[in-house]
Amino acid sequence: MRVRFAPSPTGPLHPGGVRTALFNYLLVRKAGGQMVLRIEDTDQTRFVPGAEEFIIESLSWCGIEFDEGVHKGGAFGPYRQSERKAMYRQYALQLVESGHAYYAFDTEEELDTMREQFKASGVASPQYNAISRVRMKNSLSLPSDEVARRLEAGEAYVIRFKMPRGREVRVQDRIRGLVVVQTAQLDDKVLFKSDGMPTYHLANVVDDRLMEITHVIRGEEWLPSTPLHVLLYEAFGWQDTMPEFSHLPLLLKPDGDGKLSKRDGDRLGLPFYATEWTNPETGDKTPGYREAGYFPEAYVNFLALLGWNPGDNREMFTMDELIQAFSLDRVNKHGARYDFTKLQWFNQQYLRHRSVDSLVEPCRKILMDKGWEAEDAVLKALIPLVMDRMVLVSDFAKEVESFFEDPTTYDESVVAKKWGGAFPTVLHELIGCYESSEEVWGAAVAEALFKEVAARHHVTPGSLLQGLRLAVTGQASGPALFEWMGLRGRSACVARLRRAAAALPAN
RNA sequence: GGCCCGUUCGUCUAGGGGUUAGGACAUCAGAUUUUCAUUCUGGUAACAGGGGUUCGAUUCCCCUACGGGCUACCA
């Protein structure tokens, strides 16, 4: 088995592209074949610098690696279509000679005119086809000496496929079954452009043949042009090695109608690409899941379950498990909404399953970005304290902010509710107890002394706890308070309690 | 408009001629946590509509509606 992922370097890789690459990868790893990365840069006007590197990096972050490609080399290179330019012409010419294609000399204006005339006479989608080509300037309508003269003179031309008439094309799609299309619906597609480059259709078929691709797994947007590709394989006499086609359902917007687009990420304030993309023209950065603190395992797990399922109730999959479980037979036919909320859940699950040790370094980095520092031992105690409260590793910053920054204000509504009654008295007394205690400071001591003071004033500890939390952290909620205080240290806690005592409302 | 593909809880989906139509996310409620979060328990919630075929259809067929894709010298 040989598969390929063949993106155009026209910009950052869309999530749908990542999923297509993933499905190719899962399938080929299970089968033990090769996966090639081919860059389809036949449209020079749409080339975006950096896109190719971005695609490789994004997929690599996801754990999708290739066996051959622009960055890996291989026996079937080059893997960039622009570098294969010279060879496509001969294939196009081969088709002209065998009568499957022809030269066309029509200018853009002439094509526009033709389309407008058709529209004026009520034809909704004008086509360059068996009917209209006789009225256009091409090697089928022009006298052969004129064709020769034009070619001789170096006049611009394209090579078009001569769509056969009255045929039925049968496409056997692995996911959708048999798809039948009448050639009368199809037009004479351009195969070879006037700039000397092939179009997608020619390059794709030629390269898949030359690279010995056995399975084509691509997005549903290619289904309508697959009959043309089948016809091309036939015209070349390559039907014996024609790959098996699988057209994947599309990824749809999280809400509303239409397919997923970058604007959906922007609109919902969530990342869109796997990794951060910098627009080479404007310098604008679009954050990626990687930068936002998501685990690649979570992202891949989430993506794998969009349009595919294992047939049982399992949801958590490592890449290896996905490879084992994956099958094209269980890929859906219908589009799937790209629901970010499920991704959050996956990330949370992956976070839970992480060992504390493996989180020390990422968390330390987050601290450093904020200008905070902590010893290893403190970090290792702090992480489990707040881990359950996080969805992303990057949430660590907001979870521990109050640990590193003294509170500056106290929420008035909580103050009003929790700092009244016995609280001021208890607070003052507690400060004294904490200071004078000879015990080695720790969570147990902080809690025991607090309970003692509360008991002396015949108040339940629970009724005072939130007030204490506010006093010491400046927040109304947070992780286990006494653990937190134990870690924070006696003097820091006392200092904060003093500050809170000074801020007590006058009565 | 034409052609092609599709349609099960809000979302991702399982299922399949006779089922209490299952799971997960989200959501709601309760318990636990004397906070929040976590965890646990429970609940609300779906076969697009209409015709066939059939003893019986959500499942098969047709039509309609709706959604999506394509309709470039873009991929």
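Chain letters run A, B, ... following the sequence lines, proteins first and then strands; every chain starts at 1.
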Span that lies between the C1' atom of B:rG22 and that of B:rC62, in whole angstrom | 30 Å
Identify whether the distance between the nearest side-chain nitrogen and carboxylate oxygen of A:E321 and A:R314 falls below 4.0 Å.
-> no
If you measure from the C1' atom in B:rU35 to the same atom in B:rA21, how many Å do you get, rounded?
-> 41 Å
A:I55 has an atom CD1; how far is it from atom P of B:rA75, in whole Å?
-> 15 Å
Euclidean distance, atom CG of residue A:L385 to atom P of B:rU33 [Å, nearest integer] | 18 Å
Relative to the ring of A:Y157, is the ring of A:F192 parallel (under 30°), tilted (30 to 60°) or perpendicular (over 60°)?
-> parallel
Searching all strands shown, indicate the nucleotide that pairs with B:rA65 (Watson-Crick or G-U wobble; both distances under 3.5 Å).
-> B:rU7
Indicate the ring-plane relationship of A:F326 and A:F23, choosing parallel, tilted or perpendicular according to the 30° and 60° boundaries.
-> tilted
Inter-residue atom distance A:R150.CZ - A:L142.CG, 0.5 Å rounding = 5.0 Å
Would you classify A:L465 as touching base, sugar-phosphate or nothing, given that sugar-phosphate means primed atoms plus P, OP1 and OP2, and contacts are heavy atoms under 4.0 Å?
-> nothing
Write down the distance between CE (A:M390) and P (B:rA37), rounded to a whole number of angstrom.
-> 17 Å
Would you mind classifying the nucleic acid contact of A:R314 as base, sugar-phosphate or nothing, using non-hydrogen atoms under 4.0 angstrom?
-> nothing
NZ or CZ of A:R488 within 45° of A:F403 ring axis and under 6.0 Å | yes
Report which part of the nucleic acid A:P254 touches: base, sugar-phosphate, or nothing (heavy-atom distance under 4.0 Å, all strands).
-> nothing
Report the nucleotide, chosen from B:rC70, B:rA37, B:rA26, that has the shortest atom-to-atom distance to any side-chain atom of A:W345.
-> B:rA26
Which of the following nucleotides, B:rC73, B:rU71, B:rU11, is nearest to the side chain of A:R337?
-> B:rU11
A:R352 side-chain N/O to B:rU39 phosphate OP1/OP2 under 4.0 Å | yes
Assign each of A:D339 and A:A480 to its nearest nucleotide of RNA chain B by heavy atoms, then name whichever residue's nucleotide is nearer the 5' end.
-> A:D339
Would you classify A:D395 as touching base, sugar-phosphate or nothing, given that sugar-phosphate means primed atoms plus P, OP1 and OP2, and contacts are heavy atoms under 4.0 Å?
-> nothing
Classify the nucleic acid contact of A:G307 as base, sugar-phosphate or nothing, counting any heavy atom under 4.0 Å across all strands shown.
-> sugar-phosphate
From B:rC73, B:rC25, B:rA14, pick the nucleotide closest to the side chain of A:N332?
-> B:rA14
A:V179 side chain: which of B:rC74, B:rC5, B:rG68 is closest?
-> B:rC5
Take atom C1' in B:rG6 and the same atom in B:rU64, then report the distance between them in whole Å.
-> 15 Å
Rounding to the closest angstrom, what is the interatomic distance between B:rC5 and B:rC74 at atom P?
-> 27 Å
Could you check whether A:A336 gets within reach of a base, just the sugar-phosphate, or nothing at all, counting any heavy atom under 4.0 Å?
-> sugar-phosphate
From the candidates B:rU39, B:rC3, B:rC36, the one with an atom nearest any side-chain atom of A:Q185 is B:rC3
A:E40 and A:R4 ion-paired at < 4.0 Å = no
Considering only heavy side-chain atoms of A:K189, the closest of B:rU71, B:rU13, B:rA75 is B:rU71
Rounded distance in Å between the C1' positions of B:rC9 and B:rC25 = 12 Å
Which whole number of Å gives the distance between the P atom of B:rC12 and that of B:rU8?
-> 8 Å
Nearest-nucleotide pick for A:L111, side chain only, options being B:rC73, B:rG69, B:rC36 = B:rC73
NA contact type, A:V190, heavy-atom cut-off 4.0 Å: base, sugar-phosphate, or nothing?
-> sugar-phosphate
Separation of atom NZ in A:K417 from atom C1' in B:rU35, rounded to whole Å = 11 Å
What nucleic acid atoms does A:R115 come within less than 4.0 Å of, heavy atoms only: base, sugar-phosphate, or nothing?
-> sugar-phosphate
So what's B:rG1 paired with, Watson-Crick or G-U wobble, going by both distances under 3.5 Å?
-> B:rU71
Between CZ of A:R218 and P of B:rC74 the distance, given in whole Å, is 17 Å
C1' gap between B:rA57 and B:rC28, integer Å = 34 Å
Mind checking whether A:Y350 and A:F346 have parallel, tilted or perpendicular rings, split at 30° and 60°?
-> tilted
Distance, P atom - from B:rU38 to B:rG15, rounded to whole angstrom = 31 Å
Using only heavy-atom distances, determine whether the side chains of A:R218 and A:H247 contain a donor-acceptor pair under 3.5 Å.
-> yes
Whole-Å distance separating the CD atom of A:Q349 from the C1' atom of B:rC12 = 15 Å
Name every residue in residues 38-53 of chain A that has at least one heavy atom under 4.0 Å from any atom of RNA chain B, in order of residue number, or write none if there are no such residues.
-> A:E40, A:T42, A:D43, A:R46
Side-chain donor/acceptor of A:T341 to base of B:rC25, under 3.5 Å | no
Out of B:rC5, B:rC12, B:rC36, minimum distance to the side chain of A:R176 belongs to B:rC5
Here the distance between atom P of B:rC12 and atom CG of A:D312, to the nearest Å, is 20 Å
Complementary nucleotide of B:rU53, counting Watson-Crick and G-U pairs under 3.5 Å | none
Selection from B:rC36, B:rA14, B:rC73 that lies nearest to any side-chain heavy atom of A:S477 = B:rC36
Identify whether any heavy atom of A:K342 sits under 4.0 Å from a base atom; if not, whether one sits that close to sugar-phosphate; answer base, sugar-phosphate or nothing.
-> base
Residue met sooner reading RNA chain B from 5', once A:N313 and A:P7 are mapped to nucleotides | A:N313
Tell me the partner of B:rA31, counting only Watson-Crick (N1-N3 plus N6-O4 or O6-N4) or G-U wobble (N1-O2 and O6-N3) with both under 3.5 Å; none if nothing fits.
-> B:rU39
Where the side chain of A:K193 is defined as all heavy atoms beyond and including C-beta, which of B:rU71, B:rA37, B:rC73 is the nearest nucleotide?
-> B:rC73
Atom CD of A:Q182 and atom P of B:rC3 are separated, to the nearest Å, by 11 Å
A:N309 side chain to A:R330 side chain, donor-acceptor N/O pair below 3.5 angstrom | yes
May I ask you to check whether A:T425 and A:H457 show a side-chain donor-acceptor distance below 3.5 Å?
-> no
Using only side-chain N and O atoms of A:H334, determine if any of them is under 4.0 Å from OP1 or OP2 of B:rU13.
-> yes
So what does A:S194 hit on the nucleic acid, given a heavy-atom distance under 4.0 Å: a base, only sugar-phosphate, or nothing?
-> base
Examine the side chains of A:D188 and A:Y102 and answer whether a donor and an acceptor come within less than 3.5 Å of each other.
-> yes
Quick one: does A:R469 reach the base of B:rU35 with a side-chain donor-acceptor pair under 3.5 Å?
-> yes
Any donor-acceptor N or O pair under 3.5 Å, side chains A:Y128, A:D106 | yes
